[in-house]
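Just so it is clear: chains get the letters A, B, ... in the order the sequence lines come, proteins before strands, and each one is counted from 1.
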Amino acid sequence: MHKYRTAIFVAGALVVAMALDWALPVLVTDGSVRQLVMLAACNVVVALSLNVINGMAGQFSIGHAGFVSLGAYTSAVLSGNMHKWLGGGDATLARSFIVVPACLLASAAVAALFGFIVGLPSLRLKGDYLAIVTLGFAEIVRLVIGTAQVGSGGETIGQAMSSGGALHALSVAVSKLGGQNGYMGPDGQGLPLYAGPFWVLSVTTLACVAAWRLKFSGWGRALRALREDEIAAAAVGVDPTRYKVTSFVIAAIGGGVAGGLIAQMRDGSYLVNPETFNFQASFDAITMVIIGGSGSVSGAIIGGIFVTVTVKAIEQLQNTSVAQLIRGPHMLGTFELTVDLNALRMIIYSVVLIALMIRRPEGMLGERELGQKRPGPRPKSEPAVT
Amino acid sequence: MSALVLSGVSKSFGGLRAVGGVSFEVPEKSIFGLIGPNGAGKTTVFNLITGVYKHDAGSIRFGDHDLLPLQPAQIAAVGIGRTFQNIRLFGQLTVLENLLVACELQKKAHLGSALFRTRAHYDDDAAMHTQARQLLDVFEMSEMRDEASTSLSYGNQRRLEIARAMMLRPKLLLLDEPAAGMNYGEAEGLKKQIRWLRDTFALSVVLVEHNMQVVMGVCETIHVLDHGETIAHGAPEAVRADRKVIAAYLGEEEPEAGPGAA
């Protein structure tokens, strides 16, 4: 019975996602709104994965954008080349069944490798010190990609390999990522956008289910126990090394998959740019987790959507009369007060976060899930069913 | 046959010799007391046994295992459970969850089966819950199983810590000042509980305790430390009468000791 229920649920979800793939452009004619919906879904994956480190494991990573960036670039390079190999043309849904899974798997693998490497120092470092390591990692990723020199004599990676060895080949490969201008596929024609609503929504749903199951498993419980007291957790057999590194790898995989989706998102951008994954992006991810409630899966979902929508709403605000009023000619004559939208966003976040810290220091949901009660004093009578 | 054998165990922190050449054997299924004035090194010995610190010299053997190369989690896995002097519970987790964490070792299912919710995952889960429920019944804590562990009373937190250690199905249980803060009646109850645990689960208990009512009442052998070194060892009556022990606890009369000398 249980098996059938799962199968029916999966089949139903797939049908809904497939229907949305077709229906979303019809229902939502505004491309920028579609982009917002898809981006919100991707950001939910970002928030869910960061929640594993910052919420469940109680570590503090401020460099999650690094994993997202690695995933995005991996996916962009692979999809660009696969698209070329498949003969160019339109990014059709049929082809996406080859391209998207392959790219997401590659993104996950690359991110997992780096998650493992970044996770290792987490064994010896805590709090601020670990945060600096994660920040350093994200900045290294951004700067290496951004500053790699473009046009190293038109050398191919194969030639570089034979002339200067693996390290030289690697630097040539990185320099082909477009540096500061962003990567637009192997021929600079723009990235193929294979991931339609079907892929974005089903992968996001999958991520939600996975996050939920991880949290409510022995593994998630052990991770939370480790966060509460490492020495006591070790004393009951929870190996801090294994659990911490695994949590980093899992979070990195989630970030990588999210990046992989963002790079190929239909209605998204035709290029990936290192600046998309700067400290601001890492900070946004932290905001998503904190607003929703550290450790809460549903909180991360809410936070991911909230932050994405806020960003968009502020962008929209730019063209409204409010912004015009602020911007318009003032008494000082020609003086124009320009509003830095990013600054406005930071102000709104700050106000929301401060309000939250006063009213609900542990975020909207704390560690609970939607509809779940806080563990409190024992009930007056024993519930009938245990 | 001895469950735990310490021979010549030493540990220094910088220039401070916290434990110097301590040797003792804990017989199987016995209740063993480790006492001494504050700062004698009792808790350090516990931390050396459980791998929180590594000893500089000597050896600690548990059954066939040399404990020196093992990590704390592995030491828990070979069957040593412990409690802490300052209670260390998983505060945000419920009472039941606190116990379930200690089951991670016994799980056969791995992370993948938790993700895909395989049969093994459900089997493990059911087995863990059964074991935890039984222990909660034994410790009479069933009604509070969904409370956050921080909301428990002090005495209950101490009991929960023992219950959590028992989830490991240990062969050796290390209790670090379980009677701290207990009144006479509670301490009497604790004595009964310790004996009951030993008899029911056939394990050895090592007890670090200041409460002499408990130590003298329940321990079969007592080992006394002072300044990290052994000053006495033997049955409770013998230890109680030992001059060095009395001196360590009450101080010696020293004619040259000036006013204010402790």
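At a heavy-atom separation below 4.5 angstrom, chain B is approached by A:Arg213, A:Leu214, A:Phe216, A:Ser217, A:Gly218, A:Trp219, A:Arg221, A:Ala222 within residues 212-222 of chain A. Listed in order of number, the residues of residues 46-56 of chain B that approach chain A to under 4.5 Å between heavy atoms are B:Val52.
For B:Glu97, the parts lying near chain A are the backbone and the side chain together; criterion is any non-hydrogen pair under 4.5 Å. Using a 4.5 Å cut-off between heavy atoms, B:Met128 touches chain A through its side chain atoms alone. Residue B:Ala77 does not touch chain A at all, counting heavy-atom pairs closer than 4.5 Å. Heavy-atom distances place both the backbone and the side chain of B:Leu115 under 4.5 Å from chain A. Proximity to chain B (any heavy atom under 4.5 Å) is restricted, for A:Thr246, to the side chain, taken from C-beta onward. For A:Arg242, no part sits under 4.5 Å from any heavy atom of chain B, backbone or side chain.
Within a 6.0 Å radius of CD in B:Glu186, more than 12 heavy atoms belonging to other residues, nucleotides or ligands are found. Surrounding CZ of A:Phe9 are at most 12 heavy atoms belonging to other residues, nucleotides or ligands under 6.0 Å away.
Between chain B and the residues A:Thr241, A:Ile250, A:Val238, the most heavy-atom pairs under 4.5 angstrom are made by A:Val238. With respect to chain B, the highest number of heavy-atom pairs below 4.5 Å among A:Ala233, A:Ala210, A:Gly295, A:Ala232 belongs to A:Ala232. Interface summary for chain A: among B:Asp125, B:Leu89, B:Leu111, the most heavy-atom pairs under 4.5 angstrom belong to B:Leu111.
Among residues two or more places apart in sequence or in another chain, the side chain to side chain donor-acceptor pair (under 3.5 Å) test is passed with B:Asp124 by none. Remark: A:Tyr129 pairs with no residue by the side chain to side chain donor-acceptor pair (under 3.5 Å) rule, at least two apart or across chains.
Two residues are said to be in side-chain contact when any heavy atoms from C-beta on lie closer than 4.5 Å; B:Val101 and A:Leu226 fail this criterion.
Contact between B:Ala76 and A:Ala234 at its shortest, heavy atoms only, is CB-O, 4.0 Å. For B:Phe90 against A:Ala225, the heavy-atom pair with the smallest separation is CD2-O, 3.4 Å.
Of the possible donor and acceptor atoms, none in the side chain of B:Gln92 sits under 3.5 Å from a partner among the backbone N and O of A:Glu228.
Within the model, atoms CG of A:Asp239 and CD of B:Glu104 stand 11.5 Å from one another, a figure rounded to the nearest 0.5 Å. In this structure, CG in A:Asp229 is found 11.5 Å from CG in B:Leu93, a value given to the nearest 0.5 Å.
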